[in-house]
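Throughout, residue positions are numbered sequentially from 1 according to the sequence presented.
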Amino acid sequence: MTTTDLAAGFRRRLLDGMAAAIRRGGYAETTVADIVREARTSRRTFYAHFADRQECLMALLHESNEKTIARIDRAVDAHAPWETQIRQAIEAWIAAVQADPPITLAWIREVPALGTSARRIQRETMDAFVILIQRLTDTPELRASGVLPPTPQTATVLLGGLRELIATTVEDDADISDLTEAAVHATKLLLGPRG
């Protein structure tokens, strides 16, 4: 095993340790000691990879959001009717949240309070979601149906509403899949055919 492979393995363990600690008690209660205990490694190893727990959190959330975006992208059949594509995208997003609700909640609730560097990463991720929505809605099939790519502002309104709906549902310990119909309906209203 190379030094690079070894370092990547420790980094992976630390990210998994952060995720496990968040699942157990939330980010606010998570300490570096919790992370290294979950990762079965040392504080020295932690600080060789991350400056602090916030940097570790941001790396975890960046990875998680990239996976969610890829999952949504894979789920949408660009040749399906527009209503079907919306449902596919929403169901993929909800499935991603169901896979790890505490991590999604940390992204929505914790990151805004973490300062400038976290805010920059949050904006970059939101921009990536906006670009995904615009790209998924920019097909000949959808244009023929009257569906056009939304403006960045419209996509941001949609994302903000869906994120808040997801966060409150997770906080209430309710079934996230119950959001599907409301999320699909709202998305159809915002992204559906325009004259």
At their closest point, which heavy atom of Gln134 faces which heavy atom of Thr151, and how far apart are they?
-> NE2-C, 3.9 Å
Nearest-0.5 Å distance, NE2 of residue His79 to CD of residue Gln85 = 9.0 Å
Exercise: identify the closest heavy-atom pair between Arg43 and Ala33 | NH1-N, 3.7 Å
Distance (rounded to the nearest 0.5 Å) between Ile22 CD1 and Cys56 SG = 8.0 Å
Can you check ring-ring contact (aromatic ring centres under 6.0 Å, His included) on Tyr27 and Trp107, steps first, answer last?
-> CA-CA 10 Å; Tyr27 175 72; Trp107 169 248; over 10 Å; no
Do Ser177 and Thr180 meet the criterion of a side-chain donor-acceptor pair at a distance under 3.5 Å?
-> no
How close do Pro149 and Asp138 get, heavy atom to heavy atom, and via which atoms?
-> CG-CB, 3.5 Å
Of all heavy-atom pairs between Val130 and Pro152, which one has the smallest distance, and what is that distance?
-> CG1-CA, 4.0 Å
Residue pair Val111, Arg119: steps toward the side-chain contact (heavy atoms from CB on, under 4.5 Å) verdict | CA-CA 7 Å; Val111 171; Arg119 180 73 185 123; over 6 Å; no
Can you pull the salt bridge (Lys or Arg N to Asp or Glu O under 4.0 Å) pairs that have at least one residue in residues 75-95, sequence neighbours excluded?
-> Arg87-Glu91, Arg87-Glu181
Supply the atom-to-atom distance Gln122 CD to Glu110 CD, rounded to the nearest 0.5 angstrom.
-> 12.0 Å
Within 45° of the axis and under 6.0 Å from the centre of the six-membered ring of Phe46, does NZ or CZ of Arg53 qualify?
-> no
Working for side-chain contact (heavy atoms from CB on, under 4.5 Å), residues Thr187 and Leu162 | CA-CA 9 Å; Thr187 304; Leu162 293 176; 4.1 Å; yes
Got a second to check how far Ile94's CD1 is from Ile72's CD1, nearest 0.5 Å?
-> 10.0 Å
Could you please spell out the steps behind the side-chain contact (heavy atoms from CB on, under 4.5 Å) verdict for Glu55 and Ser117?
-> CA-CA 9 Å; Glu55 186 178 298; Ser117 64; over 6 Å; no
Check whether more than 12 heavy atoms from other residues, nucleotides or ligands sit under 6.0 Å from atom NE2 of His62, and answer yes or no.
-> no
Contact summary for Arg71 and Ala96, nearest pair of heavy atoms = NH1-CA, 3.5 Å
Any chance you could lay out the salt bridge (Lys or Arg N to Asp or Glu O under 4.0 Å) test for Asp34 and Arg37, step after step, and finish with the verdict?
-> CA-CA 5 Å; Asp34 296 326; Arg37 183 174 41 258; 2.4 Å; yes
Interatomic spacing from CE in Met18 to CD1 in Ile103 - rounded to 0.5 Å | 8.5 Å
Indicate the atoms forming the closest heavy-atom contact of Arg194 with Leu191, along with that distance.
-> NH1-O, 4.3 Å
Looking at Glu63 and Arg12, does any basic side-chain N land under 4.0 Å from a carboxylate oxygen?
-> yes
Audit row: Thr104, Thr68, side-chain contact (heavy atoms from CB on, under 4.5 Å) steps and yes/no = CA-CA 10 Å; Thr104 300; Thr68 298; over 6 Å; no
Within a reach of under 6.0 Å around CG of Asp173, are more than 12 heavy atoms found that belong to other residues, nucleotides or ligands?
-> no
Find the distance between CD1 (Ile133) and CG (Leu158) and round it off to the nearest 0.5 Å.
-> 5.0 Å
